[in-house]
There are 2 protein chains.
Amino acid sequence: MTDDIVASVVRQWQAVNPELDTGPMELIGRINRCAALLQQAEDAPLRAAGLTRAEFDLLGAVRRTDRELTPGELARETFSSGAAVTKRLRVLQERGLVDRRGDDRDRRVNHIRLTEQGRELVDMLLPRQLAYERTVLSGLDEQSRTRLSAQLSELLVQLEGRIGGGPR
Amino acid sequence: MTDDIVASVVRQWQAVNPELDTGPMELIGRINRCAALLQQAEDAPLRAAGLTRAEFDLLGAVRRTDRELTPGELARETFSSGAAVTKRLRVLQERGLVDRRGDDRDRRVNHIRLTEQGRELVDMLLPRQLAYERTVLSGLDEQSRTRLSAQLSELLVQLEGRIGGGPR
DNA sequence: GGAAACTGTTTTACGGGTGTAATACCTGCT
DNA sequence: AGCAGGTATTACACCCGTAAAACAGTTTCC
């Protein structure tokens with residue numbers, strides 16, 4: 001069993017102050033570091049398609065819900081601010097990947113949907129992205145992955161309850 | 001066992017396209033989401049002290065290595081760009097938290113160290129931060145935490161080898 | 001020995017993306 | 001009509017990373 005970065009950081013802290021309860025750091029540090037590495041890896045194939053990860057998330061949210069969404073719903077769905085969604089929608093619309101439709105009853109609200117081109121892009125990109133992710137994770141066998149996934153799910157449920165179901 | 005966000009997203013994808021191999025998404029999605037929630041939670045107490053998480057990471061890196069570091073070393077240690085470190089150092093120096101010393105042999109390089117005030121701030125903040133993290137994680141018992149931590153360590157070692165030991 | 005080319009470190013310039021806060025607009029209710 | 005509440009956009013400021021610049025050392029080669 002070799003050391004990871006977090007273990008060596010923890011060891012440094014212990015050397016400086018042995019009374020520190022570094023328990024939480026080990027778990028949280030590893031989650032953060034894994035997330036950073038994975039996101040970095042995932043961004044590469046997306047950039048090749050001219051998309052930001054945030055843009056891809058937005059397109060994916062529309063695609064997977066399979067209906068028109070309002071900008072507000074998209075902000076909640078992608079865990080980002082309304083302003084960010086507004087700007088992303090503008091550039092995606094200029095690129096012809098999404099389309100807007102005004103609501104008949106309430107003229108404040110828009111409905112966003114994918115254009116034919118946008119849908120094709122997502123449907124081409126997602127399987128490729130998933131295949132790539134599979135290779136990135138290939139160091140773990142099937143059993144380890146599902147076990148890890150299940151335990152993270154447990155933590156995630158706790159956090160969502162404790163912290164508040166997501167940024168609003 | 002209740003559902004988390006990732007499970008419902010996966011279900012949506014399956015409904016739209018049942019042939020998708022969503023395995024990787026479950027694990028990566030959960031890691032990312034946990035990281036996002038945890039970071040959001042951790043930022044709150046830091047902002048109360050007038051610090052960014054990135055600034056705190058920088059101060060912590062100097063504190064835990066217990067010696068003077070150059071800006072370049074700090075960039076590697078905190079996984080951020082040299083330019084970002086330069087700017088953070090400038091504001092931290094203006095606040096009187098860090099101090100610089102030019103190298104005698106090589107006048108290109110600086111050595112950064114904490115001021116008395118900077119050291120006191122870190123030493124006050126870190127235990128508070130760790131205690132807060134412990135409460136955030138309190139939904140999991142000790143055993144679950146260490147098990148999860150160990151499995152993530154295994155993944156992290158794989159990723160560091162595969163992706164390249166960090167941004168360089 | 002000394003100039004030139006090369007390497008390495010830090011800083012500056014610039015562009016892009018994000019969030020908070022302020023604004024504009026709309027609806028539904030009293 | 002006027003007000004309360006909600007939705008989208010705009011304005012502003014911040015932080016970051018890439019790329020270029022500024023600067024200091026080191027090596028090479030005559």
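We find that A:E133 and A:R128 are not joined by a salt bridge, their nearest charged nitrogen and carboxylate oxygen being 4.0 Å or further apart.
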>> Using salt bridge (charged side-chain N to carboxylate O under 4.0 Å, His left out), reason through A:R108 and A:D103 one step at a time and then give a plain yes or no.
In response: CA-CA 8 Å; A:R108 288 171 302 184; A:D103 190 298; over 6 Å; no
>> Could you walk me through whether B:N32 and B:V6 satisfy the side-chain contact (heavy atoms from CB on, under 4.5 Å) test, starting with their C-alpha distance in whole Å, then the side-chain angles of each, then the deciding distance to 0.1 Å, before giving a yes or no?
In response: CA-CA 10 Å; B:N32 284 337; B:V6 175; over 6 Å; no
>> As a quick check of understanding, evaluate side chain to side chain donor-acceptor pair (under 3.5 Å) for A:E154 and B:S144, giving each step before the final call.
In response: CA-CA 10 Å; A:E154 198 182 333; B:S144 300; 4.6 Å; no
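Between A:S81 and C:dT20 there is no side-chain polar atom (N or O) within less than 4.0 angstrom of OP1 or OP2.
Here the side chain of A:P71 is nearest to one of C:dT9, D:dA19, D:dA8, namely D:dA8. Nearest to the side-chain atoms of B:R88 among the listed nucleotides D:dC16, D:dA8, D:dT10 stands D:dC16. For A:T86, taking side-chain heavy atoms from C-beta onward, the closest of the listed nucleotides D:dT10, C:dT10, C:dA13 is D:dT10.
Between B:Q40 atom CD and C:dG19 atom P the separation is 11 Å, expressed in whole Å. One interatomic measurement links the two molecules: CG of B:L89 to P of D:dC15, which rounds to 14 Å at whole-angstrom precision. Rounding to whole angstrom units, CZ of residue B:F56 and P of D:dC15 are separated by 17 Å. With rounding to whole Å, A:L58 atom CG is found 14 Å from C:dG17 atom P. Following rounding to the nearest Å, A:R105 (CZ) and C:dC25 (C1') show an atom-to-atom distance of 19 Å. Nucleotide D:dT7 holds its P atom 14 Å from the CG atom of A:L74, rounded to whole Å. B:R107 places its CZ atom 17 Å from the C1' atom of C:dT11, with the value rounded to the nearest Å. Remark: P of C:dT9 and CZ of B:R76 are 7 Å apart, rounded to the nearest angstrom.
Evaluation of atom-type donor-acceptor distances gives no pair under 3.5 Å for the side chain of B:K87 against the base of C:dT11. Residue side chain B:R108 reaches the base of C:dG8 through a donor-acceptor N/O pair under 3.5 Å, judged by distance alone.
Defined by atom type and a distance below 3.5 Å, a donor-acceptor pair is missing between the side-chain atoms of B:T52 and B:R47.
Across all strands shown, A:A84 has heavy atoms under 4.0 Å from sugar-phosphate atoms exclusively, and none from any base. Across all strands, A:R100 comes closer than 4.0 Å only to sugar-phosphate atoms, never to a base (heavy-atom distances).
Across the interface with DNA chain C, nearest-nucleotide mapping of A:E55 and A:D106 shows A:E55 to be the residue nearer the 5′ end.
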